[in-house]
Amino acid sequence: MILDIVTYPDPRLKEVCVPVQDITEEIRQLAADMLETMYDAPGVGLAAPQVGRNIRMLVMDAGVQEDKKQPRVLINPQLTLEGEKIISKQEGCLSVPYNYRADVPRYERVHLRALDLDGNVIDEELSDFAAIIVQHECDHLDGLLFIDHIGRLRRSLYDNKVKKCLKRKHAE
Ligand code: ZN
């Protein structure tokens, strides 16, 4: 089932999410729905708060760009940021409207610990595109968006645009 995606400035995107306690059938179904929603959008990552669920869970696929699907579900992910800072070019987000994109500083590598849908421990190093996606998605679980990393001037220009568009919508 394709889920509705929550968009900025919805306050639900600013909440810190709570850990998943049990990997229930409902969690498995949510993961399947989130993957379907992500591929449909299309996007390379989707976090639970983006579909209105305040829990620490995300789906991602760093392989879709090469046309090979590598779906991943991460439950209660924890990152250790490693290596140099790099620039993630023209990052975007399914929850940031008007297809806004900006360059965002990220770390080139992360150490990831999480659970998969079977409750197995994931403990691995990610680099390049996968590292950028997982940093972006884990930010969502802490109530952060990539536009929280772009500097005040660009952020206020974007916020003004959003305000104007929302006003126009309400006036219609
Ligand atoms: Zn996002």
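Remember, it's 1-based here, ligands and their atoms both numbered in the order they're listed.
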>> Exactly one of Val6, Leu141, Asn54 should register a side chain to side chain contact (heavy atoms under 4.5 Å, CB included) with Pro49. Which one does?
In response: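 Per the side chain to side chain contact (heavy atoms under 4.5 Å, CB included) rule, the option paired with Pro49 is Leu141, out of Val6, Leu141, Asn54.
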> Got a sec, which pairs hit salt bridge (charged side-chain N to carboxylate O under 4.0 Å, His left out) with one end in residues 30-44, sequence neighbours left out?
Replying inline: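 Every pair satisfying salt bridge (charged side-chain N to carboxylate O under 4.0 Å, His left out) with a residue in residues 30-44: there are none.
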> Are side-chain heavy atoms of Lys164 and Leu166 found at a separation under 4.5 Å?
Replying inline: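 A side-chain contact under 4.5 Å is absent here.
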> Relative to the Zn ion (ligand 1), how many protein N, O or S atoms have a separation of less than 2.8 Å?
Replying inline: 3
> Residues two or more places apart in sequence or in another chain: which of them pass side-chain hydrogen bond (donor to acceptor under 3.5 Å, both in side chains) with Glu26?
Replying inline: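 Listed in chain order: Arg53.
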> Got a sec, which pairs hit ring-ring contact (aromatic ring centres under 6.0 Å, His included) with one end in residues 7-42, sequence neighbours left out?
Replying inline: none
>> With a 4.0 Å cut-off on N to O distance, would you call Asp103 and Arg154 a salt bridge?
In response: no
